[in-house]
Amino acid sequence: MSGARFARDRDGNFYYQRGTSGSSDQRYCHGIYGHFFAIVDEEKPVPTYFFTYDSRNRFVFDKKEDSLWLQFFDLTTNFAMKPDESRKILEHVGRIKPRW
């Protein structure tokens with residue numbers, strides 16, 4: 001495991017990251033939490049906030065969606081789940097498409 005990071009912002013919001021950028025641990029967590037939040041989103045919408053980086057490597061708020069949107073790339077590569085089960089859980093989730 002590449003390690004875990006915990007942080008709390010000025011407003012008291014708590015954040016957790018496991019693994020380093022692009023690590024197998026981070027892809028694994030992306031799969032688990034992506035599917036978990038998709039299940040939750042069916043009962044109570046999970047808002048999604050979109051940010052980009054500016055030229056000084058700072059986050060810039062772009063938009064908010066009222067329900068869950070996920071980047072599907074690598075969503076199941078390190079998280080073992082049958083493809084049919086994954087498709088059923090994720091069928092209502094917005095799909096973020098890469099720009100490349």
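Atom set for the values below is all heavy atoms of this structure, side chains included, hydrogens, waters and symmetry mates excluded.
Follow the hydrophobic side-chain contacts under 4.5 Å out from Val40 and you reach Ile32 in the same cluster. The same ILVMFWY cluster, assembled from side-chain heavy atoms under 4.5 Å apart, contains both Ile89 and Val46. Note on Met81: it clusters hydrophobically with Leu70, by side-chain heavy-atom contacts below 4.5 Å among ILVMFWY residues.
Once rounded to the nearest 0.5 Å, the distance linking CD1 of Ile39 with CG of Leu90 reads 9.0 Å. Atoms CZ and CZ, from Phe51 and Arg58 in turn, are 14.0 Å apart once rounded to the nearest 0.5 Å. Interatomic distance, CZ of Phe59 versus CZ of Phe50, reported as 13.5 Å (0.5 Å rounding). Summarising the geometry, atom CD belonging to Glu85 is positioned 9.0 Å from atom NE2 belonging to His35; distances are rounded to the nearest 0.5 Å. Remark: Arg95 CZ to Glu91 CD distance equals 12.0 Å, nearest 0.5 Å. Rounding to the nearest 0.5 Å gives a distance of 6.0 Å between CG of Asn57 and OH of Tyr53.
When all heavy atoms of Leu68 and Asp41 are compared, the closest pair comes out as N-OD1, 3.2 Å. Between His30 and Gln71, the shortest heavy-atom contact is NE2-O, 2.9 Å. When every heavy atom of Lys64 is checked against every heavy atom of Pro47, the shortest pair comes out as CE-CB, 3.7 Å.
Between Val93 and Phe72, some side-chain heavy-atom pair lies under the 4.5 Å cut-off.
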